[in-house]
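Working notes, beginning with the structure itself.
Note that the structure is a prediction, hence the values are computed from the model and not measured.
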Amino acid sequence: MGDKPNYKDTMNLPQTDFPMRASLATREPEWLKFWDEIDIYGKSLEVNEGGPTFILHDGPPYANGHIHMGTAFNKVFKDLIVKYKTMRGYWSPYVPGWDCHGQPIEHQVEKNLGSKGMAETSKSDLRAMCRDYAMKFVGIQAEEFKRLGVRGDFDNPYLTLNPSYEAGNVRIFKEMYNRGLIHKGSKPIHWCMRCKTALAEAEIEYSDEVSDSIYVKFWFTEAPEVFAGSAAKVGVLIWTTTPWTLPANVAVTLADRANYVGVRIGDEVLVMAEELVKSVVETAGIESYELVTGADGEPVRVKGSELSGLKYGQPIHENVEGVIITGGHVELSTGTGAVHTAPGHGDEDYLVGFKFNLPSPMPVMDNGVFDDGAGPFAGMHVNKANPVIVEWLTERGDMLHAGKTDHSYPHCWRCKQPVIFRATEQWFVNMDEAKEGRTALRDGALSSIEKVEWIPSWSVNRIRSMVTDRPDWCISRQRAWGVPIPTFTCATCGDVVVSDEIFDAVIHLFETEGADAWFTKEPAEYLPAGTTCSRCGGTELKPEQNIVDVWWESGVSHTSVLEARDELRRPAELYLEGTDQHRGWFQSSLLTSVGAYDEPPFQRVLTHGFIVDGDGRKMSKSVGNVISPLDIIEKSGADIIRLWAAAADYSQDVSISDDILARTSDAYRRMRNTYRFLLSNLFDYTPDRAVAWGDMPEIDQYAMARLADVVERVTKSYDDWKFHQVYHTVFNYCVTDLSSFYFDVLKDRLYSDGVDSVSRRSAQTVLAEILKALVRIMAPILSFTAEEVWQFMPESLRDGAVSVHIAGWPDIEVSAAEAGELREAYVTVLEVREAVTKALEDARNDKIVGKSQEAHVTITVQADTAHILEARGIESLAEMFIVASVSLDVRTACTVCVQITPAIGEKCPRCWSFRDLTEDGVCARCASALASQ
RNA sequence: GGGCCCGUAGCUCAGUUGGUUAGAGCGCACGGCUGAUAACCGUGAGGUCGAUGGUUCGAAUCCAUCCGGGCCCA
């Protein structure tokens, strides 16, 4: 009391309830509730009714398990784009989707049932359980995505198990079938002979198994001259661990560029790869052999490619010939360098067989028993046949060596029995064949690729090479949980029965009752009356039991979703997924769209990298480097994830670690405090207090020019899909332009000048503009925090928008000419300011001054610099350098020389500046401020 | 093994068509302030640009090989 007046109460110190501590984990859910109450999704569309359209079509995540860092990153990314586009005036509906069918869910449900339960469960009951399972995780993931701040039509998402979605599969199938892009063929798949079922890769367990290891001589029907010589018999030597596949042998594959030699053992010559001769003779225990030599005495060496086309006698079947071919899959680490090839029993064999147009015999029935195609072994189970075949070949003199080997072999996850590769009937999308007059799918897809914008640009190389190299697309699966292949087989003649009328009836069936009806109804109940086999007139039609590949299913979303929903349209402006989708969804969407419509389903495809740990390694449970988005939400909040996602350069793999998250939180806090400073100094501001450009102090004009620059730069970065530039621009602006310069300078004016003085109001005018712009440009990224800021802003600054997300985009108008001059002048001002702060630091260390306000600064510069500084005014310079006073000196020898001396004058007890004090004991400015109150 | 891609300070990012001592912010260290205060201001120390070889008067920037990492195949 008494002596010293409490000047603090006479000052305009910042006031706000906007909390410094974010407490995002608890506060974010409140904003979610708020958005729900005001129907922010509906409003985001309403405000842009009639505006240009921007459709980001969501790729459906698999409805299994909780979200992980990758799905979180992807969804946040999509969300910030949709929010940005909405704020820019685009009608931008966002419909999230889920992939609900497929083997992983079915497998999990089967596991939960156990083998006993499985036996008692019908196909349609199993499907019901799978549906429940999928729906449960759709619900879980939807909540998790919403918690991340993702905005969209979560009340009405698209699900691949919805009837209307299922019908879309048939629409595309019909179109592509009619264009000759789909055919039935056969392909080897993993097969369990005991369960009589196909197995997916995930249902295979590998364990060690003792197998035969046999070296078999395939005799040439016409021996190659170079090796013929005086030998009685010339053959090629193959090695295999599966004697039972020999009845299905049609070829021997050699390595293109490897050297092959003839090994003479007795009166037989056996051809094998040169580099494997030693290991073969050792294994077979051959004591005496020699290589066939030429006229020069050197061993005769022949490339695999030179032997291509030669014929040999099939080892099992009399009077049947096999052929020598070459292939890239031949390994020269084991065996003989000559690979026994049975296209019905191996994937590589199948592919090479396809390439050389070889037959694909498959003499093994679904229970593992040979049929008549196995010649002498018909009726025998393959497991029993192995030793019989070995003995049979040995007796005939075709066996060089028969031993055993220990190796990893696939087993059925359910019955633990070894599985076999067995060719079965499958449905394929043709890549290279189409109906007369139609473009082949590969060609169509490749030319479509060129019409799409791929971001980043290398992404086009990836999709192009994958489409170029891929084999025909096998779209059938021997499973229960999915959408059936919509075709029928004639019970009488076995022919495939389809027609437009049949397809349309199935489309109608799926649309009204869902694909489940396929498994519960008789075809006669839904097919048009009188539907018969066009070949034999048979009336009994059997519905196909295979279902369609889930990639096909998600791929047809351009029809089941974009076409089907009123608010969407095909093609979409943007598809956005991780780089793995070049083989997955991007490709299946492209192929089905080009197949049915001859055009791509998207105008633009944006790809991002994978989420890896701080060392760039993939996350895995076993390594223990997994970071869960759910944990981050709980600890730090969703806005931290959003900021992290925005800050990263997504064109490469994106790292996350505790350290990176800590840095992200640091940056978040810095930005939050910037908002807080702005809010707290606008507590008494309304737009009618605004000061016109012409009445503003120059530094305020400069601040406006800088703001305009930042908004322009940020807008361009968003438009160029460079979100990390948005982050860097805004963050640097907050730290460098605002916090350490403009705000620091402004405090004196804001706190000490008269409440209603032009100078203070001018500062507030600029702060309001900064706040209004800054809250908007970060809203797509810091969705929660921006909303919080918005609600703390004076009502009059909110432009009537109930939420920042529908408040539109800032557009700062400043005269280009004036802004240009200011920018140029302030480059110099800020350079000099840097020299001044450096000098002040030295002076402080030398105890010449304490606070910068106690200093008088003498600046010595060259004439042109002095000119620029003088134009600002000596008083303004002192204000900008936050010192008591400034004097200027011109000398050619000095670029920028600064001298610090103690300020003249006394410390004003109110504003702490060093000035001449009036008789009231405060400086003149404070006296006038006090008088005005 | 093949295709596509990545590797600049502890972290996130800049580095125009190859051209002066490689930049920014954060973090860190030290100092200041105590009227943005679990804030704020200042100063400073950090990089042989993954490695090696080559092209060039000159390379983080071009080429080759290798190492490390990612996705997709095999």
Side-chain angles (χ1 to χ4, degrees), chain A residues 7-16 18 20-21 70 328-329 331-333 347-348 351 456-466 468-471 578-584 587 607-619 643-644 646-649 651-670 672-681 722 724-725 727-736 738-741 743-748 750-752 834 836-845 849-853 882 910-912:
Chain A
Y7 286 115
K8 186 166 176 176
D9 293 343
T10 72
M11 300 184 74
N12 319 304
L13 294 180
Q15 299 173 20
T16 183
F18 184 80
M20 175 175 273
R21 295 203 44 162
H329 64 283
E331 276 188 45
L332 294 171
S333 53
D347 212 27
E348 287 169 337
L351 288 173
S457 54
W458 51 256
S459 155
V460 70
N461 299 336
R462 193 135 198 234
I463 189 84
R464 206 190 276 134
S465 82
M466 283 182 175
T468 303
D469 293 336
R470 71 158 302 144
T579 180
D580 56 330
Q581 299 304 329
H582 282 102
R583 179 154 293 273
Q587 201 178 137
T607 346
H608 60 250
F610 265 59
I611 310 305
V612 293
D613 73 7
D615 298 322
R617 273 168 227 280
K618 68 172 146 202
M619 292 188 183
L643 191 60
W644 158 77
D649 177 0
S651 68
Q652 317 170 24
D653 286 338
V654 175
S655 283
I656 193 163
S657 66
D658 290 341
D659 182 45
I660 291 168
L661 285 168
R663 296 291 82 74
T664 308
S665 294
D666 289 340
Y668 172 84
R669 254 180 263 122
R670 187 58 175 244
R672 188 178 176 87
N673 271 313
T674 304
Y675 286 119
R676 188 164 185 271
F677 182 87
L678 288 162
L679 287 169
S680 63
N681 283 292
K722 304 227 166 117
H724 65 287
Q725 285 179 5
Y727 164 83
H728 278 281
T729 303
V730 172
F731 186 62
N732 271 314
Y733 175 67
C734 286
V735 171
T736 310
L738 297 183
S739 201
S740 72
F741 178 55
F743 287 179
D744 214 21
V745 169
L746 230 44
K747 284 178 204 167
D748 178 63
L750 287 164
Y751 302 168
S752 308
E834 211 177 303
V836 170
T837 52
K838 207 161 279 179
L840 283 167
E841 176 76 9
D842 293 340
R844 197 176 294 126
N845 290 336
V849 292
K851 303 176 62 171
S852 62
Q853 283 103 316
I882 318 183
R910 181 169 178 271
C911 70
W912 301 344

So, [X] and [Y], do they make that salt bridge, N to O below 4.0 Å?
| X | Y | answer |
| --- | --- | --- |
| A/Asp659 | A/Arg663 | yes |
| A/Arg583 | A/Asp580 | no |
| A/Arg844 | A/Glu841 | yes |

[X] near the nucleic acid: base, sugar-phosphate alone, or nothing, with a heavy-atom cut-off under 4.0 Å?
| X | answer |
| --- | --- |
| A/His728 | base |
| A/Ala647 | sugar-phosphate |
| A/Gly616 | sugar-phosphate |
| A/Ala648 | sugar-phosphate |
| A/Gln725 | nothing |

If we call it a pair only when both distances are under 3.5 Å in a Watson-Crick or G-U wobble match, what pairs with [N]?
| N | value |
| --- | --- |
| B/A36 | none |
| B/U21 | none |
| B/U56 | none |
| B/A29 | B/U43 |
| B/G7 | B/C67 |
| B/U16 | none |

For the pair made of NZ in A/Lys838 and C1' in B/G44, what is the distance, rounded to whole Å?
->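 Those two atoms, NZ and C1', are 10 Å apart.
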For atom CG of A/Asp613 and atom C1' of B/G68, their distance in whole Å =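 About 13 Å, once rounded to whole Å.
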Between the protein and nucleotides 49-51 of chain B, list the N/O to N/O atom pairs that are separated by less than 3.5 angstrom.
none

On a whole-Å scale, what distance lies between the P atoms belonging to B/G15 and B/A9?
->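 Result for the P pair: 15 Å, nearest Å.
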Determine the Euclidean distance between corresponding P atoms of B/G50 and B/U34; express it in Å to zero decimal places.
->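 The same atom, P, in both gives a distance of 46 Å.
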Reading nucleotides 28-36 of chain B from 5' to 3' and marking B where a protein heavy atom lies under 4.0 Å of the base, S where only the sugar-phosphate is that close, and - otherwise, the string is ----SSSBB
Which protein N or O atoms sit under 3.5 Å from an N or O of nucleotides 1-5 of chain B?
| unit_1 | atom_1 | unit_2 | atom_2 | d |
| --- | --- | --- | --- | --- |
| B/G3 | O2' | A/Ser465 | OG | 3.0 |
| B/G3 | N2 | A/Arg462 | NE | 3.4 |
| B/G3 | N2 | A/Arg462 | NH2 | 2.9 |

Is there a side-chain contact between A/Leu750 and A/Asn12, using heavy atoms and a 4.5 Å cut-off?
->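 They are not in contact (no side-chain heavy atoms under 4.5 Å apart), so the answer is no.
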Between OG on residue A/Ser651 and CH2 on residue A/Trp458, distance to nearest 0.5 Å |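 Here the rounded value is 7.0 Å.
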Return no unless some side-chain N or O of A/Thr837 is found under 4.0 Å from OP1 or OP2 of B/U43.
->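 For A/Thr837, the contact criterion (side-chain N or O under 4.0 Å from OP1 or OP2 of B/U43) is met.
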